[in-house]
Amino acid sequence: MANFAKPSVPRFSADVYQNEYLPEGGREVNAIVTVTATGGGTLGGGLSPAASDGRPSAAVAIMVDCSGSMDYPPTKMRNARDATAAAVDTLRDGTHFAVIAGTHVATEVYPGDGGLAVASPTTRHRAKQALRRLASGGGTAIGTWLRLADRLLSSADVALRHGILLTDGRNEHESPEDLRAALDACAGRFTCDARGVGTDWEVKEVTGIASALLGTADIVADPAGLAADFTRMMETAMGKEVADVALRVWTPVGTTLRYVKQVAPAVEDLTARRTEAGPRAGDYPTGSWGDESRDYHLCVEVPPAGLGREMLAARVSLVVPQPDGSAQNLGAQGLVRAVWTDDMTASTAISPQVAHYTGQAELAQVIKQGLDLRKVGDFDGATAKLGRAVQLASASGNADTAKLLSKVVDVVDAATGTVRLKTRVAQADEMTLETRSTKTVRVKK
């Protein structure tokens, strides 16, 4: 008889980094909360249904742009087929999946019966055969692709639902309002990674899709790189173990939670995504987790207090909201404190973690501002913003972003942010910098 090990639940922990000391009259408390999930591998404990191997059950929809522009160059469509086949090969046995062809309409390619297939050697082979029918022609209406993906993914009783979306062009055959409505309808129902291939797509559209659906966004400038990228994305999706995790933040009477931002591995403002979770508590969605660590920046405004007083400014925990309105606590808790002191050395010190991520958030912002100014011909403004970006990237050790910036500006002095705009910039280099501008590095040890 087979001997099955008892499934284990990933362990979540929350560590708080802050300077809790405030001067007399001080009101703003900043903290970085590092959330870590470790030791999963398999999932149990009632969090979600599991597959036969003990892993959480999952469903994946792969959306492939098949609009007419995918024929230019002709190798693009072939690379897209090969990439989708590579993703299908990476599916874990027992995973529910579907392939969607996206044009101005959405079409089921496989299994094509209005539902999902279950990954096995047989269904993977059949799916790859079906990919031969992928052909380019028609327009682009991404909202229709997402709605079909949602319909298919929701047909399976699974713990984790994920989409992979590939596009090579702009969303020209539906209005921005239609795409926004589709994203609003799909938010919280599945996560989605979005990729732009080539250089004829709109960065803000692709990054907006990933942001709304708590996934990643990136550029694959050379279509030959699609297969490797799709394989990595699917491997990451197959490593997820807990879905729909929320950061629950409780604050006491008299305080105001000014913002909650994810700051690593990328900057993502979660403030407006709050859902109320009882008296003075709110949940902020973080999506699906595997074995990984992420950092969050909380800014809390507290009522002024006398010297020597201290208070709990916020309590952070990790929960999985349930359909009945309850929530399963994942056992991690972090406390944000405020202490008023007349020790100027203590109250004026800045937490290294807070300082680092404040700089990383500014880095993402000034890159976007600089590129926008460059596009409208404000070269002086662009030079100032991108110079500041070079300075921040250098100071924080963000070597990847510094390398991308060097393809847009000539760096005279990184420490002072002295740069010159390059007169000629490859479109792929500019789009790569814009797409990856929110990626951050962790605090240097």
Side-chain angles (χ1 to χ4, degrees), residues 3-17 32-60 90-96 119 153 156-164 188-193 213-216 232-250 260 262-266 268 270 273 275 277 281 283-296 298 315-324 326-335 440 442:
N3 184 18
F4 293 100
K6 183 179 179 180
S8 61
V9 180
R11 294 185 298 274
F12 281 81
S13 62
D15 297 301
V16 176
Y17 301 93
I32 299 299
V33 181
T34 296
V35 176
T36 305
T38 56
T42 56
L43 183 68
L47 282 176
S48 54
S52 59
D53 64 354
R55 303 279 296 186
S57 54
V60 180
T90 311
L91 288 165
R92 189 174 63 242
D93 279 351
T95 301
H96 301 251
L153 291 171
D157 181 20
V158 295
L160 297 150
R161 295 181 176 87
H162 191 75
I164 289 176
R189 295 174 60 80
F190 66 95
T191 56
C192 185
D193 294 323
L213 301 182
L214 299 173
T216 64
R232 286 192 297 270
M233 273 195 291
M234 191 62 79
E235 287 173 344
T236 300
M238 292 295 94
K240 299 298 183 182
E241 296 164 313
V242 186
D244 303 324
V245 176
L247 193 73
R248 176 164 290 182
V249 183
W250 174 91
V260 177
Q262 177 185 284
V263 288
E268 187 68 59
L270 302 176
R273 303 189 189 190
T275 56
D283 287 349
Y284 299 85
T286 68
S288 302
W289 287 68
D291 277 16
E292 60 188 292
S293 181
R294 306 180 198 172
D295 292 336
Y296 298 88
L298 274 63
R315 182 174 63 240
V316 180
S317 57
L318 279 297
V319 301
V320 177
Q322 303 296 306
D324 63 2
S326 64
Q328 179 161 359
N329 196 302
L330 297 179
Q333 179 173 275
L335 304 179
T440 58
R442 309 299 286 266

Check for a donor-acceptor pair, side chain of [X] on one end and backbone N or O of [Y] on the other, with a separation under 3.5 Å.
X: Thr286; Y: Leu247; result: no
X: Ser317; Y: Gln333; result: no
X: Arg161; Y: Ala156; result: yes

With sequence neighbours left out, what residues match Glu268 under side-chain contact (heavy atoms from CB on, under 4.5 Å)?
Ser211, Gln262, Leu270, Arg273
Under 3.5 Å, is there a donor-acceptor pair between the Thr216 and Asp193 side chains?
yes
For residues [X] and [Y], report the shortest heavy-atom separation together with the two atoms involved.
X: Phe12; Y: Ala332; answer: O-CB, 3.4 Å
X: Val158; Y: Ala59; answer: CG2-CB, 3.8 Å
X: Gly287; Y: Leu214; answer: N-CD1, 3.5 Å
X: Arg248; Y: Ala327; answer: NH2-CB, 3.6 Å
X: Ser288; Y: Lys240; answer: O-NZ, 3.5 Å
X: Ala277; Y: Asp283; answer: CB-OD1, 3.6 Å

Any residue meeting salt bridge (Lys or Arg N to Asp or Glu O under 4.0 Å) with Asp244, in chain and number order, not counting sequence neighbours:
none
[atom1]-[atom2] distance between [X] and [Y], expressed to the nearest 0.5 angstrom:
X: Glu292; Y: Thr36; atom1: CD; atom2: OG1; result: 9.5 Å
X: Arg92; Y: Glu235; atom1: CZ; atom2: CD; result: 12.5 Å
X: Met234; Y: Ile164; atom1: CE; atom2: CD1; result: 4.0 Å

